[in-house]
Amino acid sequence: MTEFPDASESPVIEFRQVGLTYPGPPPFEAFRPSDLTVRKGEFITVVGPSGSGKTTFLNIAGLLDTPTRGTFLLDGIDTSMLKDTERTTLRGRRIGFVFQAFHLLPHRSARENVELAMVYSGTSRRERPGRAREALVRVGLGHRTDALPTRMSGGERQRVAIARALVGRPSLLLCDEPTGNLDTGNAEAVLQLLENLNSSGITVVLITHDLAVAARGRRTVSIKDGALSEGDQVGGC
Ligand code: ADP
Ligand code: MG
């Protein structure tokens with residue numbers, strides 16, 4: 001297995017003039033050259049309107065897309081130097097993703113949905129049920145492990161999705177509009193859960209178009225027309 005250096009002193013995310021232009025045609029600069037440093041243990045929110053480049057940013061930070069400009073260091077590792085298989089391994093070991101849509105299999109139980117995330121992670125078949133249960137307990141669903149997503153509330157489904165993101169024991173959680181499909185009460189429960197996970201040491205980056213959600217970050221970065229700028233538009237929320 002690939003060994004990566006333990007870069008515990010390095011920022012988790014470091015963008016140095018990172019940009020991404022989709023090739024098109026016509027070419028489109030969806031993420032304009034931007035600097036950003038996210039340190040271990042931070043909870044940052046990235047806020048901007050629809051189409052401003054939030055998901056593009058998250059895809060770059062999550063190693064799902066490759067910048068066409070600049071340097072992106074993840075835990076001190078220069079990601080431009082990585083082969084595809086190394087990017088995949090690094091992503092699997094360090095990053096958990098939470099999306100607006102929960103992407104759960106409707107006819108599999110909560111526990112099975114979480115277990116499926118371990119199929120390609122090298123976790124032995126024997127270990128998977130225990131690990132899945134542990135992750136579900138961590139999100140407050142220890143009593144719902146056998147429930148089907150179709151019998152769960154939106155908030156519970158998102159918590160299953162968060163358990164699935166946690167099961168690989170990531171150090172960084174990237175959340176793309178995680179409360180976008182939830183009513184106020186469920187959104188609050190999910191935000192509190194993310195805050196608790198952050199308190200336990202996981203670095204959280206949450207992107208949202210909602211200023212009230214953005215204000216929950218301990219630091220806020222704005223994104224507009226594909227460019228990041230440190231939080232100058234959220235004051236007063
Ligand atoms: P947000 O998440 O803030 O709504 P996105 O990052 O999804 O914004 O999109 C930013 C811009 O990039 C949009 O104008 C979108 O149409 C464009 N875009 C996204 N993906 C692609 C792609 N694969 N090719 C070309 N343009 C894209
Ligand atoms: Mg988006």
Side-chain angles (χ1 to χ4, degrees), residues 12-38 42-74 79-80 82 84 87-88 91 95-104 154-155 157-162 164-165 170 172-184 186-187 190-191 193-194 203-217 219-235 237:
V12 178
I13 292 173
E14 190 170 359
F15 276 17
R16 295 182 190 151
Q17 290 297 295
V18 165
L20 174 62
T21 299
Y22 288 113
F28 180 72
E29 191 177 34
F31 193 71
R32 292 196 275 143
S34 301
D35 293 328
L36 178 72
T37 301
V38 179
E42 277 202 285
F43 189 139
I44 83 152
T45 48
V46 177
V47 64
S50 179
S52 58
K54 299 185 298 297
T55 296
T56 304
F57 158 74
L58 189 113
N59 288 344
I60 298 170
L63 299 174
L64 296 167
D65 223 333
T66 313
T68 49
R69 282 193 53 161
T71 306
F72 166 32
L73 302 168
L74 178 73
T79 60
S80 66
L82 301 174
D84 278 352
R87 290 170 67 81
T88 305
R91 186 194 310 127
I95 304 174
F97 293 92
V98 180
F99 300 103
Q100 176 171 351
F102 319 123
H103 301 301
L104 300 174
R157 288 183 211 179
Q158 188 60 302
R159 284 191 280 152
V160 174
I162 294 172
R164 182 182 54 194
L172 171 64
L173 213 47
L174 297 178
C175 311
D176 190 345
E177 305 268 10
T179 58
N181 278 345
L182 302 178
D183 60 45
T184 314
N186 279 310
V190 163
L191 288 169
L193 171 60
L194 294 173
T203 307
V204 177
V205 176
L206 185 160
I207 68 179
T208 180
H209 68 276
D210 182 330
L211 291 175
V213 173
R216 299 290 284 266
R219 178 158 72 100
T220 300
V221 174
S222 301
I223 184 165
K224 188 166 178 268
D225 298 332
L228 292 177
S229 59
E230 293 280 334
D232 50 358
Q233 292 172 22
V234 190
C237 275

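First listed ligand is number 1; within each ligand, the first listed atom is number 1.
Put simply, Thr55 gets within reach of the Mg ion (ligand 2), with an N, O or S atom under 2.8 Å from it.
For atom 5 (P) of ligand 1, a protein heavy-atom neighbour is found at a distance under 4.0 Å. Distance remark: protein heavy atom present below 4.0 angstrom from atom 19 (C) of ligand 1.
Looking only at protein heavy atoms, the nearest one to atom 13 (C) of ligand 1 is Gly51 O, 3.9 Å. At the top of the distance list for atom 9 (O) of ligand 1, counting protein heavy atoms only, stands Thr56 OG1, 3.8 Å. Atom 7 (O) of ligand 1 has its closest protein heavy atom at Thr55 CB, 3.7 Å. Atom 21 (C) of ligand 1 has Tyr22 CE1, 3.2 Å as its closest protein atom, hydrogens excluded (heavy atom only). For atom 15 (C) of ligand 1, the closest non-hydrogen atom of the protein is Phe28 CE2, 4.6 Å.
Between Gly48 and ligand 1 there is no heavy-atom distance shorter than 4.0 Å.
The shortest distance between side-chain heavy atoms of Arg91 and Thr88 falls below 4.5 Å. Using a 4.5 Å heavy-atom threshold, the side chains of Leu172 and Leu74 count as touching. Within the 4.5 Å cutoff, no side-chain heavy atoms of Asn186 are placed close to those of Gln158. Phe72 is listed as a side-chain neighbour of Ile13, based on a closest heavy-atom distance under 4.5 Å.
Between Gly53 and ligand 1, an N or O atom pair is found at a separation short of 3.5 Å.
Between Lys54 and Val47 the shortest heavy-atom distance is CD-C, 4.5 Å.
The backbone N or O of Phe102 lies less than 3.5 Å from a partner atom in the side chain of Arg164, making a donor-acceptor pair. At distances below 3.5 Å, not a single donor-acceptor pair connects side-chain atoms of Arg69 with backbone N or O atoms of Pro33. Judged by distance alone, the side chain of Thr56 and the main-chain N or O of Ala30 form no donor-acceptor pair under 3.5 Å.
Aromatic ring orientation, Phe99 versus His103: perpendicular (interplanar angle above 60°, classes split at 30° and 60°).
For ligand 1, the atoms sitting less than 4.0 Å from at least one non-hydrogen atom of Ala30 are 12 (O), numbered in the order shown with element in parentheses. Taking every heavy atom of Ser50 and a limit of under 4.0 angstrom, the matching atoms of ligand 1 come to 4 (O). Taking a cut-off of under 4.0 Å to the non-hydrogen atoms of Lys54, the atoms of ligand 1 that pass are 1 (P), 2 (O), 3 (O), 4 (O), 6 (O), 8 (O). The distance from ligand 1 to the heavy atoms of Pro49 drops below 4.0 Å at these ligand atoms: 3 (O).
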